[in-house]
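Working notes, structure below.
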2 protein chains.
Amino acid sequence: MVTKQFEGSPADADLTRADSLAREIFSDVANKWALLIIEALGERTLRFSELRDGVEGISHKMLTQNLRMLERNGLVERNVHPTVPPRVEYTLTEPGRALWEMTNEMCGWTHRYLGHIEASRRRFDA
Amino acid sequence: MVTKQFEGSPADADLTRADSLAREIFSDVANKWALLIIEALGERTLRFSELRDGVEGISHKMLTQNLRMLERNGLVERNVHPTVPPRVEYTLTEPGRALWEMTNEMCGWTHRYLGHIEASRRRFDA
DNA sequence: CGGAATCCTGAGCGATACTG
DNA sequence: CAGTATCGCTCAGGATTCCG
């Protein structure tokens with residue numbers, strides 16, 4: 001992918017920059033919590049607290065932290081309703097939704113190979 | 001996905017077990033290094049050292065660690081050639097190859113939205 | 001060369017408390 | 001309810017060393 005080595009031709013500055021940016025984005029996105037959040041938001045818009053117990057296992061802190069990151073990258077949109085008590089809703093943007101399709105496939109993959117993997121683990125652990 | 005809440009119907013034990021297993025697998029696989037390794041192995045079989053400098057940024061330790069994990073889950077196959085010096089090659093298994101298709105899409109996704117994301121970041125950081 | 005083991009540091013994360 | 005801030009600790013993970 002993204003992991004090529006360039007030497008010194010003309011437009012390389014741009015290429016390597018785009019490349020390192022791509023790696024950075026990949027690293028942001030290729031993490032457990034981010035993907036689980038995206039997955040949860042695929043169904044519908046959710047509030048902060050709905051996400052907190054929807055994603056199970058995630059801490060308050062990790063949730064905000066990842067939501068900020070996803071917002072920064074333009075994958076989720078944050079909507080504050082100025083009511084009291086406050087109500088903040090998170091929605092996938094179009095890039096986020098595209099990513100969601102892939103988390104979906106990952107879920108499908110996981111279930112498809114559950115048996116293989118479980119078996120392989122037993123073999124390995126012996 | 002995987003994050004449903006069950007109450008107490010008959011065959012729930014199995015369902016929740018499969019579910020927690022699925023979450024575990026997902027967590028194993030949804031990590032930066034694992035996915036980058038899979039991506040690298042997509043092209044062709046690679047030796048340990050080829051992976052080490054192919055994946056760039058990964059440490060000796062992280063590489064072995066992740067390779068063990070991937071092997072355990074049956075996503076890569078480890079082949080030791082009893083020569084001297086030793087020669088160890090890693091190949092994707094069929095489940096691994098299926099996963100690779102998804103990392104490929106992720107790479108495609110990354111490049112497709114590079115612009116969007118970069119722009120969104122600039123907006124956010126202001 | 002590939003891998004295991006050891007040591008050591010700091011980022012990551014949970015827990016808690018405080019604001020609007 | 002949502003978010004920020006602070007503290008403390010655990011443990012991920014880098015550097016190094018040794019083995020087959």
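The chains referred to below are lettered A, B, ... by the order of the sequence lines, with proteins before strands, and numbering in each begins at 1. The structure displayed is predicted, hence computed values, not measured ones.
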Shortest side-chain distance from [X], nucleotide among [options]:
X: P86(B); options: dG20(D), dG14(C), dG13(D); result: dG20(D)
X: R47(A); options: dC1(D), dG14(C), dG3(D); result: dC1(D)
X: F48(A); options: dG3(C), dA2(D), dA15(D); result: dA2(D)

Nearest whole angstrom, please: distance from the [atom2] of [N] to the [atom1] of [X].
X: Q65(B); N: dA5(C); atom1: CD; atom2: C1'; result: 13 Å
X: L51(B); N: dG2(C); atom1: CG; atom2: C1'; result: 12 Å
X: E89(B); N: dG2(C); atom1: CD; atom2: C1'; result: 13 Å
X: K32(B); N: dG13(D); atom1: NZ; atom2: P; result: 9 Å
X: M62(B); N: dA15(D); atom1: CE; atom2: P; result: 12 Å
X: W33(A); N: dA11(C); atom1: CH2; atom2: P; result: 22 Å
X: E56(B); N: dG14(D); atom1: CD; atom2: P; result: 12 Å
X: H81(A); N: dG3(D); atom1: NE2; atom2: C1'; result: 16 Å

**Prompt:** Are OP1 or OP2 of dA2(D) and a side-chain N or O of S49(A) less than 4.0 angstrom apart?
**Reply:**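 Yes, within the criterion.
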**Asked** Are OP1 or OP2 of dG2(C) and a side-chain N or O of R52(B) less than 4.0 angstrom apart?
**Response**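 For dG2(C), OP1/OP2 do not have a side-chain N/O of R52(B) under 4.0 Å.
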**Request:** Taking all non-hydrogen atoms of both residues into account, name the closest pair between W100(B) and T103(B) and its distance.
**Result:**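 Smallest interatomic distance, heavy atoms only, reads O-OG1, 2.8 Å.
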**Item:** Closest heavy-atom pair and its distance - K32(B), F26(A)
**Value:**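 Where K32(B) meets F26(A) most closely, the heavy atoms are O-CE2, 4.4 Å.
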**Asked** Is R78(A) touching bases, backbone alone, or none of the nucleic acid, heavy atoms closer than 4.0 Å?
**Response**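 It contacts sugar-phosphate atoms only.
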**Message:** Less than 4.0 angstrom from a charged side-chain N to a carboxylate O is my criterion; do E94(B) and R97(B) meet it?
**Reply:**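 Between R97(B) and E94(B) there is no salt bridge, as every charged N stays at least 4.0 Å from the carboxylate O atoms.
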**Message:** Under 4.0 Å between a side-chain nitrogen and a carboxylate oxygen: does that hold for R121(A) and E24(B)?
**Reply:**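 A salt bridge links R121(A) with E24(B).
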**Request:** Indicate whether the side chain of D28(A) and that of N73(A) have a donor and an acceptor atom separated by less than 3.5 Å.
**Result:**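 Judged by distance alone, the side chains do pair up.
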**Asked** Within the modelled atom types, does a donor on one side and an acceptor on the other bring the side chain of H60(B) and the base of dG2(C) under 3.5 Å apart?
**Response**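 For H60(B), whose side chain was compared with the base of dG2(C), there is no donor-acceptor pair (under 3.5 Å).
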**5'-most by nearest nucleotide on DNA chain D - K61(A) or T64(A)** =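 Per heavy-atom nearest nucleotide, the more 5' residue is T64(A).
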